[in-house]
Amino acid sequence: MADRASVTIAETVDETWILGRPGTGYHQLVMASCAAAGFAPRIGHFADDWNTGTALVHGGFGVCVASRMSRSQDLHPVRRIPISGDNAPSRHITAVTRTGADTRETVAFALETLSVETKRLMSSLGEGLRG
């Protein structure tokens with residue numbers, strides 16, 4: 001898979017996974033994505049932060065999912081491969097304001113900046129990691 005431009009979560013069925021510990025959002029995200037694709041991931045290691053997960057990927061211990069905003073590959077050279085298709089892990093970040101607050105100039109500016117920067121980051125960074 002390391003030579004591919006993207007993979008689906010279903011194509012990782014035979015991989016060993018590096019996940020966050022049970023009960024963490026990271027663990028639940030990957031488990032739910034794999035379950036929706038029809039399999040339970042084979043878990044080899046637990047790592048609750050992307051730097052540790054990336055180090056384990058670099059060492060050949062498995063695959064993991066890291067945020068597009070993570071710069072952990074700068075510390076450990078790995079190949080980032082986007083996960084595409086149905087059941088790809090994702091999360092949503094929501095900004096909440098009081099009713100009518102979004103019409104205030106400063107709040108509107110902050111929301112617009114958040115939206116623009118999120119789009120910029122999403123287009124410039126990868127998703128998945130593979131050693």
Side-chain angles (χ1 to χ4, degrees):
M1 281 192 233
D3 296 330
R4 307 235 340 246
S6 69
V7 298
T8 65
I9 198 76
E11 293 173 310
T12 67
V13 66
D14 294 325
E15 299 293 329
T16 298
W17 277 87
I18 301 158
L19 299 181
R21 295 205 177 276
T24 63
Y26 175 37
H27 182 91
Q28 293 168 350
L29 175 74
V30 174
M31 294 298 289
S33 292
C34 292
F39 71 97
R42 181 176 58 234
I43 301 169
H45 299 278
F46 293 110
D48 289 333
D49 65 86
W50 294 315
N51 289 336
T52 302
T54 306
L56 289 166
V57 170
H58 176 68
F61 293 101
V63 298
C64 73
V65 172
S67 168
R68 293 177 192 169
M69 293 184 283
S70 166
R71 302 305 303 165
S72 57
Q73 80 278 2
D74 295 343
L75 298 173
H76 310 285
V78 296
R79 172 106 157 71
R80 292 179 85 103
I81 303 169
I83 299 173
S84 61
D86 293 337
N87 310 310
S90 65
R91 68 179 167 180
H92 302 276
I93 298 172
T94 304
V96 178
T97 66
R98 288 182 293 172
T99 302
D102 60 333
T103 61
R104 292 182 54 203
E105 187 176 330
T106 54
V107 175
F109 175 79
L111 293 172
E112 177 63 19
T113 301
L114 180 61
S115 177
V116 168
E117 288 304 306
T118 299
K119 289 174 186 171
R120 184 185 66 76
L121 281 169
M122 299 289 278
S123 68
S124 68
L125 300 173
E127 279 183 54
L129 299 179
R130 170 98 182 147

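The shown structure was predicted, so the numbers you read here are calculated from the model rather than taken from an experiment.
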Undergrad: Closer than 3.5 angstrom, by distance alone: can the side chain of T52 be matched with the main-chain N or O of D49 as a donor-acceptor pair?
TA: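 A pair under 3.5 Å: no.
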Undergrad: Which heavy atom of A101 sits nearest a heavy atom of V107, and at what distance?
TA: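 Result for this residue pair: O-CB, 3.3 Å.
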Undergrad: Near R104 CZ, under 6.0 Å, is it more than 12 heavy atoms from other residues, nucleotides or ligands?
TA: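 No, the 6.0 Å shell around CZ holds no more than 12 heavy atoms from other groups.
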Undergrad: With the side chain counted from C-beta on, respond yes when F46 and I18 share a heavy-atom pair under 4.5 Å apart, and no when they do not.
TA: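 They are not in side-chain contact.
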Undergrad: Closest heavy-atom contact between F39 and A10?
TA: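 Heavy atoms only, the tightest pair is CE2-CA, 3.9 Å.
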Undergrad: What pair of heavy atoms forms the shortest contact from G53 to A47, and how long is it?
TA: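 Nearest pair, atom of G53 first, then A47: N-CB, 3.7 Å.
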Undergrad: Quick one: does any side-chain atom of R21 pair with a main-chain N or O of H27 as donor and acceptor, under 3.5 Å?
TA: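 No; judged by distance alone, with no hydrogens or angles, the pair does not exist.
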Undergrad: Can you see which heavy atom on I81 is nearest to which on R4, and at what distance?
TA: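 The pair with the smallest heavy-atom distance is CG2-O, 4.0 Å.
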Undergrad: If I take atom CG from residue N51 and atom CG from residue L56, how far apart are they, to the nearest 0.5 angstrom?
TA: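 Here the rounded value is 11.0 Å.
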Undergrad: Could you tell me whether the side chain of W50 reaches within less than 4.5 Å of the side chain of C64, counting heavy atoms only?
TA: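 SC-SC contact between C64 and W50 ruled out.
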Undergrad: Work out which heavy atom in T97 is nearest to a heavy atom in L111; give both atom names and the distance.
TA: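 Shortest heavy-atom separation between T97 and L111 comes out as CG2-CD1, 4.2 Å.
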Undergrad: Supply the atom-to-atom distance E112 CD to E117 CD, rounded to the nearest 0.5 angstrom.
TA: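 One finds 10.5 Å between CD of E112 and CD of E117.
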Undergrad: Look up atom CG in L29 and atom CG in L19, then write down how far apart they are to the nearest 0.5 Å.
TA: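 Nearest 0.5 Å value for the CG-CG distance: 9.5 Å.
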Undergrad: Do you know which two heavy atoms are closest between C34 and P41, and how far apart they sit?
TA: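 Minimum heavy-atom contact is CB-CD, 3.6 Å.
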Undergrad: So do I83 and T12 actually touch side chain to side chain, heavy atoms under 4.5 Å?
TA: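 A side-chain contact under 4.5 Å is absent here.
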